[in-house]
Amino acid sequence: MLRVTLRHLPSWIQPVSQINNLSAFKRKNITSSLSSGNPDTLPIIEDFSRRHIGPNEKEISEMLDVVGVESVDELIRKTVPADILDEQDLDVSAPMSELELARRVNKLGTKNKLYRNYIGMGYYDSKVPPPIVRNILENPGWYTSYTPYQAEISQGRMESLINYQTMVSDMTGLPISNASLLDEGTAAAEAMAMCYRNQKKKKDTPVFFIDQSVFPQTLGVVETRAKYLGVKVVVDDYKTFDYSTPGLCGVLFQYPNSDGKIVDYSEYIKAAHDNKALATCATDLLALAMIKPPGEYDFDIAFGSAQRFGVPLGFGGPHAAFFSVKKSLQRSIPGRIIGVTKDADDGLAFRLTLQTREQHIKRNKATSNICTAQALLANMAAMYAVYHGAEGLQSIAEKVHQSTRILAEGARRAGHHIEEGAFFDTLKIKIKSEQAYKDALLNAEIRHINIRKFNEPCTIGISLDETVTSEDLDDLLFVLGAPSVVSCC
């Protein structure tokens, strides 16, 4: 028989016999209360406020006495300058209980139109394995944890992050990887800042080149960060840019690019290196299960989003970024690196080996002032890789690519144009006529499908992912006005 004693209970759980104010309960005779009070008024139970706002009326009164004021309003007036204090009551609706609010939010949610998304540009639907949902995503032991400063109580999380780092290094072909960054856009900004620091002693104004086929949101973040570092950003075609430009500190390519093309950048990486600039690459982990890794092209830095490794779209975020570099840059890499060491008993142990955080050193001296991890989402991506294994990841990538090949064949049969060249999961499709383009947009609306519209006449983009079924492909072919070419084996 299991005997539970009070010392085994959490401090916030107390037996009824130890509740000090038990006598404060106001009991009423049920027979007399039936006929008392206003029968038209429903009392509101402030359960949420009582549980989540700490001080009660007695405690508030005691605190006001200590600070020497009569009321909370008087305290606010003495604290907040009069020129910014709004004396008017807020125009808000009547209060709701926690249950009522949940019902209200669910009711509003039913008004959402749930479309299938094939826009791409770094955002792809994925299948989150149920064991990862149950044991990590919905587990407060994983989702409430902060930085694992205390190695002795963080071995499990750090072992998972070691898996993440190893996975990223293996797939990008670069030996040093950190334990995640905020997202792909800010990872690109970090790559630009690394290039700047690597070349900042040059006399010329630092220049950072970005190929025009980089994702637009990535470009926007890099341009904003570069502005305040004094770095000139040049956006152009990688084939025509002058890599001997004075002050060039780095170049950025998307691989595969925003149009879906898989490009061999070897010639241009060498040209950048000849001018002592670093070559950086925004890439896709799932694509790297099939295509040549950045390290084999001699890229110095590779980064991207790990979202499609079992992390939900989440209306655009949050999603963990990955970041890997050559060994020569290991001391400049932003974020945290989990390392392997030995404990006092000579056993295997994990610890934070390198980390860059603004609270550790002065802000102007910090390697990075951007959030340096998305540990929960990085752990989900790591467990997704463990769950599927190398062969499983390659099978998923092959299925995505084959789905894209089927769609490309259907688009061509319908008379639309797709440029020649290698692709993985994304097609840039030039629709054959203005009317066919209007029909495609209308058909997408009918089938509740979101597709990308390029800023070019009659041009759309479609990106596929692991969730696509034969029925989804049939719907996409319908959008394009193409006959079904789908067959399941």
Side-chain angles (χ1 to χ4, degrees), residues 168-169 171-177 181 184-216 218-223 225-227 229-259 261-284 287-288 291-304 321-334 367 421-422:
V168 170
S169 290
M171 300 195 77
T172 60
L174 291 165
I176 306 297
S177 169
L181 288 174
E184 183 168 347
T186 51
E190 295 284 26
M192 178 275 299
M194 281 186 67
C195 295
Y196 165 69
R197 291 193 300 270
N198 190 60
Q199 297 285 334
K200 68 178 181 179
K201 292 184 179 180
K202 280 191 171 184
K203 295 180 181 179
D204 299 306
T205 300
V207 175
F208 189 75
F209 168 72
I210 302 179
D211 177 55
Q212 61 190 12
S213 293
V214 165
F215 293 147
T218 300
L219 173 62
V221 175
V222 175
E223 286 181 326
R225 186 79 188 279
K227 176 181 177 181
L229 288 177
V231 177
K232 179 182 178 182
V233 173
V234 176
V235 182
D236 203 346
D237 189 330
Y238 73 93
K239 290 178 287 190
T240 59
F241 175 71
D242 181 6
Y243 292 88
S244 64
T245 298
L248 184 68
C249 64
V251 298
L252 169 58
F253 305 115
Q254 191 91 40
Y255 172 72
N257 70 20
S258 184
D259 296 344
K261 296 177 183 175
I262 299 172
V263 178
D264 183 346
Y265 294 106
S266 301
E267 174 187 348
Y268 310 100
I269 295 169
K270 183 180 183 303
H273 286 164
D274 288 344
N275 196 18
K276 301 188 183 304
L278 297 179
T280 71
C281 167
T283 190
D284 183 314
L288 294 181
I291 65 178
K292 187 176 179 179
E296 293 185 16
Y297 283 112
D298 204 24
F299 277 106
D300 301 285
I301 302 169
F303 63 87
F322 61 88
F323 200 98
S324 59
V325 300
K326 289 181 176 178
K327 195 168 184 179
S328 59
L329 296 172
Q330 64 184 353
R331 291 286 174 178
S332 300
I333 189 171
T367 301

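Using a distance-only test at 3.5 Å, with no hydrogens or angles considered, no donor-acceptor pair links the side chain of Arg225 to the main chain of Thr186. Asp236 places no side-chain N or O within 3.5 Å of a backbone atom of Phe241 that could act as its donor or acceptor partner. Under the 3.5 Å distance criterion, the side-chain polar atoms of Asp211 are left unmatched by any main-chain donor or acceptor of Val214. Using a distance-only test at 3.5 Å, with no hydrogens or angles considered, no donor-acceptor pair links the side chain of Gln254 to the main chain of Thr283.
Separation of the Tyr238 and Phe209 ring centroids does not fall under the 6.0 Å cut-off.
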What verdict does the side chain to side chain contact (heavy atoms under 4.5 Å, CB included) test give for Thr280 and Cys195, after you've listed the backbone C-alpha separation in whole Å, the side-chain angles of each residue and the deciding distance to 0.1 Å? CA-CA 9 Å; Thr280 71; Cys195 295; 3.7 Å; yes
Applying side chain to side chain contact (heavy atoms under 4.5 Å, CB included), run through Val231 and Val207 and close with a yes or a no. CA-CA 6 Å; Val231 177; Val207 175; over 6 Å; no
The test is side chain to side chain donor-acceptor pair (under 3.5 Å); show your working for Ser169 and Ser324 and say whether it passes. CA-CA 6 Å; Ser169 290; Ser324 59; 5.9 Å; no
Evaluate side chain to side chain contact (heavy atoms under 4.5 Å, CB included) for Glu223 paired with Val235, printing each intermediate quantity in order. CA-CA 10 Å; Glu223 286 181 326; Val235 182; 4.0 Å; yes
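Between Val221 and Ala189 the shortest heavy-atom distance is CG1-CB, 4.1 Å. Across every non-hydrogen atom of Val233 and Ala226, the tightest pair is CG2-CB, 3.5 Å. Closest non-hydrogen pair, Ala188 versus Val222, comes out as CB-CG2, 3.5 Å. Considering all non-hydrogen atoms of both residues, Gly230 and Pro206 come closest at O-CG, 3.6 Å. Of all the heavy atoms in Pro293 and Leu288, the pair that sits closest is CA-CD2, 4.2 Å. Considering every non-hydrogen atom in both Asp204 and Pro246, the closest pair reads OD2-CB, 3.7 Å.
Taking CG of Leu229 as the start and CZ of Phe208 as the end, the distance is 11.5 Å to the nearest 0.5 Å. Annotation: the span from Gln199 atom CD to Lys276 atom NZ amounts to 8.5 Å, rounded to 0.5 Å. Distance check, rounded to the nearest 0.5 Å: CZ of Phe322 to CD of Glu184 gives 7.0 Å. Atoms CG and CD, on Leu219 and Gln212 in that order, are 10.5 Å from each other to the nearest 0.5 Å. Rounded to the nearest 0.5 Å, atoms CG (Leu278) and OG (Ser328) are 8.0 Å apart. To the nearest 0.5 Å, atom CG of residue Asp284 and atom CE of residue Met171 are 9.0 Å apart.
At a threshold of 4.5 Å between non-hydrogen side-chain atoms, the residues Tyr243 and Thr245 do not count as touching. Here the side chains of Ile176 and Leu329 are not in contact, with every heavy-atom distance at 4.5 Å or above. Residues Asn257 and Phe215 are not in side-chain contact: their nearest non-hydrogen atoms beyond the backbone lie 4.5 Å or more apart. Residues His273 and Asp300 have side chains in contact (heavy-atom distance under 4.5 Å, counting atoms from C-beta outward). In this structure, Met194 and Pro334 have side chains that are in contact, with non-hydrogen atoms separated by less than 4.5 Å. Side-chain contact between Ser332 and Asn198 is absent, with no heavy-atom pair separated by less than 4.5 Å. Residues Phe303 and Val325 are not in side-chain contact: their nearest non-hydrogen atoms beyond the backbone lie 4.5 Å or more apart. Between Pro256 and Ile291 there is a side-chain heavy-atom pair separated by less than 4.5 Å.
The salt bridge (charged side-chain N to carboxylate O under 4.0 Å, His left out) contacts involving residues 262-271 comprise Lys270-Asp274, where partners must be two or more places apart or lie in separate chains.
When the side chain to side chain donor-acceptor pair (under 3.5 Å) test is applied to Ser244, the partners found at least two apart in sequence or on another chain are Asp242.
The aromatic rings of Tyr265 and Tyr255 sit perpendicular to each other, their planes meeting at more than 60°, with 30° as the lower class boundary.
Judged by the 6.0 Å and 45° rule, Lys239 forms no cation-pi pair with Tyr268.
Within 6.0 Å of NZ on Lys326 lie more than 12 heavy atoms contributed by other residues, nucleotides or ligands.
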